[in-house]
Each structure stands twice: as C-alpha cells, then as structure tokens.
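Reading through the structure tokens given below for one structure.
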Amino acid sequence: MPAFRGALPLAAFTLALWGACSPVCVEVPSETEAVQGNAMKLRCISCMKREEVEATTVVEWFYRPEGGKDFLIYEYRNGHQAVESPFQGRLQWDGSKDLQDVSITVLNVTLNDSGLYTCNVSREFEFEAHRPFVKTTRLIPLRVTEEAGEDFTSVVSEIMMYILLVFLTLWLLIEMIYCYRKVSKAEEAAQESASDYLAIPSENKENPVVPVEE
Ligand SMILES: *[C@@H]1O[C@H](CO)[C@@H](O)[C@H](O)[C@H]1NC(C)=O
Ligand SMILES: *[C@@H]1O[C@H](CO)[C@@H](O)[C@H](O)[C@H]1NC(C)=O
Ligand SMILES: *[C@@H]1O[C@H](CO)[C@@H](O)[C@H](O)[C@H]1NC(C)=O
C-alpha cells in the first residue's frame with residue numbers, strides 16, 4: 001500500500017523533471033495533501049499553443065474555505081501584484097518565466113489552509129484586432145493534515161492484515177497440535193495392534209487397500 005502511494009508523486013516528479021529538461025510542456029496536476037508547518041506547492045501548469053506565445057498572461061489564484069466563498073489571494077498581471085488576504089506574506093511565486101507554469105507556494109501551511117484553490121489563467125492575444133481570450137482553470141482541493149501519515153483506509157487495511165496474520169498463526173498452531181495428538185494416538189494404537197496382528201500395518205487396517213483387478 002505505501003509503495004503504491006509513493007509511486008504517484010514519483011511519477012509526477014519524473015514527468016515534471018522531463019517537462020523541465022525538455023521544451024515539452026506537461027500539465028502535471030498538483031498534489032492535494034499538505035502537512036501542517038511545511039511549504040506546499042500549488043501546481044498550476046497551463047501549456048501554451050504556438051499562437052499563445054504572443055499573448056499577455058494574467059494569473060489569478062483564489063481560495064475558498066469549506067463552506068465559504070472564493071476570494072483572491074494572488075495575482076500576476078504585468079508582474080506580481082500585492083493582494084490583501086489572510087495569506088499575505090506566505091505566498092511565493094513558483095512558476096516559470098514563460099508563464100506556462102504559474103504555480104505558487106504556500107509557506108508554513110496551517111490546518112485552516114484546507115479548502116479549494118482555483119488557478120485561473122487568461123491569455124489575451126496581442127496581434128489580433130478583437131483580442132480574443134483563452135482561459136484555463138485548475139481546481140486544487142487541498143487537505144492539510146497534522147502529521148505526515150497514512151490515511152484511514154490504509155491504516156484499517158494494515159490492522160486487518162495483522163489480525164489475519166495472528167488468526168492464521170493460531171489456526172496453524174491448533175492444527176499442528178491436533179495433528180500431533182492424532183498421530184501419537186495412531187502410533188499408540190499401532191503399537192497395541194502390532195502386538196496383536198504383527199503382519200498388518202495400522203494404516204492398512206483402517207483403510208484396507210482394495211486390490212485392483214487386472
Ligand atoms: C484561519 O482561521 C481564522 C479564524 O478562524 C480566520 O480568521 C482566517 O481567515 C483563517 N485563515 C484562512 C487562510 O482562511
Ligand atoms: C508557522 O505558523 C505558526 C502558527 O501560526 C507559527 O507559530 C510559526 O512560528 C510559523 N513558522 C514559521 C517558520 O513561520
Ligand atoms: C475562473 O475562470 C472560470 C472561467 O472563466 C470562471 O468560471 C470562474 O468563476 C473563475 N473562478 C473564479 C474563482 O473567479
């Protein structure tokens with residue numbers, strides 16, 4: 001189970017690495033689990049088509065607490081704009097120069113940072129008279145936990161595995177004791193019967209072999 005859980009970030013990391021080393025843009029989704037007190041990268045990648053290179057990019061990051069409304073927490077419009085929010089001073093630009101990667105990092109994550117993050121990227125074309133917009137939206141449902149740990153289902157399955165293991169061991173033990181007793185009883189019986197019918201082994205007495213007709 002933990003091996004499987006570890007495989008996904010590894011795959012994402014490999015993809016990200018590949019994306020960073022080659023000019024190919026890969027839209028790797030963000031991680032959605034953070035640990036309290038750590039920094040958390042909210043990944044938002046919006047790959048450009050060739051014609052979009054000539055566009056002006058505006059990036060807006062929103063946060064929606066559970067049961068609340070979206071509010072702006074970060075903005076990129078001709079440079080980084082200061083935005084007043086409870087996140088002020090804890091957000092860092094973590095994107096790329098070409099604005100295909102427009103990720104941000106939340107420093108010192110608290111439990112109350114859980115919620116839905118929205119990354120809205122708009123590109124406005126400069127070369128056309130009517131200036132069309134291209135918009136992309138990424139949603140990141142973030143869950144902040146107190147400690148890095150396994151989730152409930154994997155803990156339950158682990159406990160079940162141990163219970164099963166203990167049960168199987170006990171069963172094996174009981175079976176062995178039962179077998180041992182049966183064998184020693186059979187041996188006793190064999191010894192007794194050996195004195196009566198010297199020539200016939202005890203097994204043959206219980207399950208007489210039917211002679212096969214040829
Ligand atoms: C964290 O909780 C406090 C009080 O409950 C609230 O005022 C604040 O806005 C919350 N922070 C965020 C980022 O939602
Ligand atoms: C992180 O936040 C907690 C609670 O607000 C604070 O006590 C702590 O000093 C902060 N740590 C850093 C490194 O900013
Ligand atoms: C982000 O953009 C989409 C598409 O234009 C829009 O529907 C949505 O309301 C925007 N999100 C926020 C939080 O403004």
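Start at 1 and go down the list; that is how both ligands and their atoms are numbered. Residues: numbered from 1 along the sequence shown.
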request  = Using the disulfide bond (SG atoms under 2.5 Å apart) rule, collect all pairs that involve residues 46-76, keeping only residues at least two apart or in two chains.
outcome  =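 Checked against disulfide bond (SG atoms under 2.5 Å apart) - neighbours excluded - the pairs reaching residues 46-76 are Cys25-Cys47.
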The protein residues that pass the under-4.0 Å heavy-atom test against ligand 3 are Phe62, Asp70, Asn120, Lys135, Thr137
Quiz item: Does CD belonging to Glu175 count more than 12 external heavy atoms closer than 6.0 Å?
Solution: yes
Would you please test Asp98 and Gln100 for side-chain hydrogen bond (donor to acceptor under 3.5 Å, both in side chains) and show each step? CA-CA 6 Å; Asp98 64 4; Gln100 296 201 92; 3.1 Å; yes
Check: Ile140 main-chain N/O paired with Thr32 side-chain donor or acceptor under 3.5 Å: no
Expected list for residues 115-124: side-chain donor-acceptor pairs under 3.5 angstrom, two or more places apart:
from   : atom 1 : to     : atom 2 : distance (Å)
Tyr117 : OH     : Asp113 : O      : 2.7
Asn120 : OD1    : Thr137 : OG1    : 2.8
Arg123 : NH1    : Thr57  : OG1    : 2.8
Arg123 : NH1    : Leu99  : O      : 3.2
Arg123 : NH2    : Ser46  : O      : 2.7
Arg123 : NH2    : Ser46  : OG     : 3.3
Arg123 : NH2    : Leu99  : O      : 3.2

Applying ring pair (Phe, Tyr, Trp, His ring centres under 6.0 Å) to Phe62 and not counting sequence neighbours gives none
